[in-house]
Amino acid sequence: RGEEEAIARGSTTIDNRTTSIELSGAVGDSEDDLRAHYGAFGELNDCHIVASDSTAVVNFKLRTAAEAAMARGALFRGQTLKAVWHEEGPPLLEDAGGKTAVDDSEDSDGSATVEVDGDDVEAEDEDEDE
């Protein structure tokens with residue numbers, strides 16, 4: 001609604017803030033239940049439960065809906081969930097060994113450093129002569 005109102009008034013400001021919230025606590029295992037609960041605050045783009053750490057990420061179409069959910073949506077199934085803004089991180093990479101890496105940066109000398117399972121590792125250049 002807020003985005004539509006801004007367009008109707010002729011606003012040229014684009015809100016690039018996140019529309020995703022990360023929930024922790026007793027999120028359960030039913031994305032349908034989370035969708036029903038948080039869908040009451042506005043249209044959802046996505047809802048994903050991470051079972052390994054009992055968290056969920058709910059992505060709303062509009063920031064105003066996400067703000068309403070942050071303000072009034074913490075009570076879920078009689079439990080109070082912790083809600084924080086969820087920012088999209090860098091893309092995850094997975095090597096053949098099953099380790100997960102985050103493509104972090106390129107150093108000033110042109111070499112790349114990546115984080116592999118929490119440890120910084122100097123990336124090897126496959127084109128170098130051995």
Side-chain angles (χ1 to χ4, degrees):
R1 180 177 148 190
E3 181 178 282
E4 294 159 356
E5 289 173 351
I7 291 170
R9 291 190 307 255
S11 173
T12 58
T13 302
I14 297 174
D15 188 351
N16 289 321
R17 294 176 297 170
T18 185
T19 59
S20 296
I21 60 175
E22 184 173 327
L23 306 164
S24 58
V27 297
D29 58 1
S30 173
E31 288 181 8
D32 290 339
D33 289 349
L34 281 173
R35 284 179 187 277
H37 178 74
Y38 285 98
F41 297 100
E43 186 177 345
L44 302 180
N45 287 330
D46 191 24
C47 175
H48 179 73
I49 294 176
V50 181
S52 62
D53 61 1
S54 298
T55 63
V57 175
V58 180
N59 177 259
F60 292 86
K61 181 176 180 184
L62 299 175
R63 172 73 182 203
T64 53
E67 289 172 348
M70 287 282 285
R72 299 187 309 273
L75 189 61
F76 176 69
R77 292 183 175 170
Q79 301 281 334
T80 301
L81 302 180
K82 179 182 176 188
V84 296
W85 291 111
H86 177 76
E87 299 291 337
E88 297 297 322
L92 294 178
L93 310 170
E94 192 169 307
D95 69 7
K99 290 187 174 185
T100 303
V102 177
D103 188 2
D104 268 341
S105 62
E106 185 172 300
D107 296 336
S108 60
D109 64 357
S111 65
T113 303
V114 295
E115 184 179 309
V116 177
D117 291 339
D119 298 318
D120 284 341
V121 177
E122 190 76 24
E124 296 178 14
D125 187 353
E126 295 176 6
D127 296 333
E128 283 184 18
D129 295 331
E130 296 192 23

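- The salt bridge (Lys or Arg N to Asp or Glu O under 4.0 Å) test applied to E67 returns R17, R63, not counting sequence neighbours.
- Among residue pairs with one or both ends in residues 47-56, those qualifying as side-chain hydrogen bond (donor to acceptor under 3.5 Å, both in side chains) are D53-T55; sequence neighbours excluded.
- Note on residues 23-41: pairs passing salt bridge (Lys or Arg N to Asp or Glu O under 4.0 Å), not counting sequence neighbours, are D33-R77, R35-D46.
- The side-chain heavy atoms of L62 and T19, taken from C-beta on, include no pair separated by under 4.5 Å.
- Residues Q79 and A26 share a closest heavy-atom pair of CG-CB, 3.8 Å.
- Side-chain atoms of H86 never come within 3.5 Å of backbone atoms of A56 as a donor-acceptor pair (strictly under, hydrogens ignored).
- Cluster note: L44 groups with I21, L23, V27, L34, Y38, F41, I49, V58, F60, M70, F76, L81, W85 through ILVMFWY side-chain heavy atoms spaced under 4.5 Å, whether in direct contact or through intervening members.
- Of all non-hydrogen atoms in A65 and G42, the two that sit nearest each other are CB-CA, 3.7 Å.
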